[in-house]
Amino acid sequence: MKVAEKIVILWNDSDGFAATIADALNPNPTSSLRKLEEQIQLPLDKYGVGDGGNGGSVVHFVDEDGAYKVSVFLLRSYEPPALVCAINELLDIITKEASALPTIVAPFFVAASKLKFNNKSIEASSRKASLHYFHVGPETEATTGLFATRVEKPPPLMQIHHEPLSCLLHLARVKCLPTSILIGQRSSSISHKALNEELQVIHETGELVASWAGLSFARDRIKWNASKTSKEEESPWRALYG
């Protein structure tokens with residue numbers, strides 16, 4: 001599978017954040033880029049945790065000369081332990097097929113209860129939806145110049161209790177891949193105002209990704225009606241670890 005040097009990785013969450021970002025990213029009206037979509041095959045059977053079937057999809061933005069400019073991966077929603085194997089295989093595909101060291105941007109939208117500082121949920125100090133940014137691996141001027149100047153950094157020593165994000169961070173560090181993470185923090189409220197705040201964060205995230213990738217982001221294609229409960233449920237597999 002041929003891939004671009006600019007990579008966007010989205011985890012297909014149940015709330016539809018990733019699907020919305022992927023759907024709203026399009027070539028600029030004056031651009032000659034075209035979309036080319038294909039399925040991702042991840043050989044997880046070698047780990048003994050999967051069937052090696054469809055791992056999701058990827059949309060490549062290709063110019064008139066056939067050069068791949070941006071590849072947007074929408075990874076299937078795996079659960080641990082298959083999740084870390086799937087992300088590892090995906091990063092291996094990207095590094096093997098890219099013509100040069102790829103630069104990765106990965107947006108997430110995470111419940112505030114999954115982000116902690118000093119063992120306390122960040123939602124205790126901020127109930128509003130917000131956006132954070134940090135970078136792992138070698139820094140590039142294109143990403144740090146755009147994201148670092150427009151998005152606040154998370155609190156020092158922030159603890160992340162969101163498996164897809166944690167796995168990607170760990171593996172990107174191990175593989176020394178330049179990876180910029182955009183973390184949208186969901187509001188802990190269920191009010192109409194909170195929903196509007198979340199829509200604004202989604203729009204801001206999409207605009208940042210589009211600006212970095214040289215694409216456009218269609219705000220009118222945002223679909224967001226994520227349900228909330230008063231307390232986020234823990235993944236059942238966590239009970240195995242106490």
Side-chain angles (χ1 to χ4, degrees), residues 3-11 13 17-33 35 58-63 67-75 90-91 94-95 98-110 115 126 128-156 158 160 162 164-165 168-169 171-173 175-186 197-222 224:
V3 300
E5 292 179 20
K6 287 187 174 182
I7 303 290
V8 179
I9 295 180
L10 296 159
W11 178 70
D13 58 299
F17 167 75
T20 284
I21 297 293
D23 183 56
L25 288 173
N26 289 287
N28 287 306
T30 58
S31 171
S32 63
L33 295 179
K35 284 185 172 183
V58 56
V59 174
H60 307 286
F61 291 85
V62 185
D63 70 12
Y68 284 52
K69 296 300 184 181
V70 186
S71 295
V72 180
F73 287 86
L74 185 60
L75 184 64
L90 178 61
L91 294 181
I94 290 170
T95 53
S99 58
L101 183 66
T103 300
I104 298 171
V105 170
F108 288 85
F109 205 30
V110 182
L115 305 174
S126 176
K128 295 178 62 178
S130 60
L131 183 62
H132 304 283
Y133 155 80
F134 59 90
H135 187 91
V136 297
E139 293 191 353
T140 63
E141 184 178 348
T143 53
T144 55
L146 173 65
F147 300 138
T149 57
R150 294 176 57 180
V151 186
E152 65 177 306
K153 291 185 178 180
M158 182 178 72
I160 298 171
H162 181 66
L165 175 51
L168 178 60
L169 275 174
L171 290 172
R173 284 193 181 104
K175 297 175 184 291
C176 294
L177 293 173
T179 304
S180 295
I181 307 292
L182 294 172
I183 306 178
Q185 176 187 314
R186 290 176 56 182
E197 290 173 353
E198 292 187 350
L199 287 171
Q200 182 58 39
V201 170
I202 294 172
H203 177 241
E204 184 180 356
T205 302
E207 287 285 358
L208 283 167
V209 173
S211 179
W212 169 77
L215 303 172
S216 67
F217 184 78
R219 183 169 188 165
D220 59 354
R221 298 186 70 87
I222 295 177
W224 184 249

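Keep in mind the model is a prediction, meaning the values are calculated, not measured.
- Applying the side-chain contact (heavy atoms from CB on, under 4.5 Å) test to R221 and every residue at least two apart in sequence or in another chain returns D23, A24, N26, A218.
- T95 meets the side-chain hydrogen bond (donor to acceptor under 3.5 Å, both in side chains) test with no other residue; sequence neighbours excluded.
- Minimum heavy-atom separation, S216 to P27: OG-O, 3.3 Å.
- Here the shortest heavy-atom pairing between I222 and T20 reads CA-CG2, 3.6 Å.
- A distance-only check finds a donor-acceptor pair linking the side chain of T205 to the backbone of V201 [under 3.5 Å].
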### Task
Evaluate side-chain contact (heavy atoms from CB on, under 4.5 Å) for L25 paired with F217, printing each intermediate quantity in order.
CA-CA 5 Å; L25 288 173; F217 184 78; 4.0 Å; yes

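- Using a distance-only test at 3.5 Å, with no hydrogens or angles considered, a donor-acceptor pair links the side chain of S71 to the main chain of A4.
- Taken to the nearest 0.5 Å, the OG atom of S130 stands 10.5 Å off from the CD atom of E198.
- Annotation: side chain of V3 is not in contact with side chain of P102 (no heavy-atom distance under 4.5 Å).
- In this structure, H162 and F108 have perpendicular ring planes: the angle between them is above 60°, well past the 30° mark.
- Rounding to the nearest 0.5 angstrom, the gap separating the OG1 atom in T179 from the CG atom in L91 is 7.0 Å.
- Here the straight-line distance linking atom OG1 of T103 with atom CD1 of I7 works out to 9.0 Å at 0.5 Å rounding.
- With a 4.5 Å cut-off on side-chain heavy atoms, F17 and P107 count as touching.
- Listed by chain and number, the residues in a side-chain contact (heavy atoms from CB on, under 4.5 Å) with A67 are D63, K69 (sequence neighbours excluded).
- Here the straight-line distance linking atom CH2 of W11 with atom CG of L165 works out to 10.5 Å at 0.5 Å rounding.
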### Task
Let me see the working for V105 and F147 under side-chain contact (heavy atoms from CB on, under 4.5 Å), right down to the final yes or no.
CA-CA 10 Å; V105 170; F147 300 138; 3.7 Å; yes

### Task
Please lay out, stage by stage, how L115 and I160 fare under the test side-chain contact (heavy atoms from CB on, under 4.5 Å).
CA-CA 5 Å; L115 305 174; I160 298 171; 4.2 Å; yes

### Task
In sequence, state the C-alpha distance, the side-chain angles, and the governing distance for E152 and H132, and then conclude on side-chain contact (heavy atoms from CB on, under 4.5 Å).
CA-CA 5 Å; E152 65 177 306; H132 304 283; 3.6 Å; yes

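- You'll find the side chain of L90 reaches within 4.5 Å of the side chain of F73, heavy atoms only.
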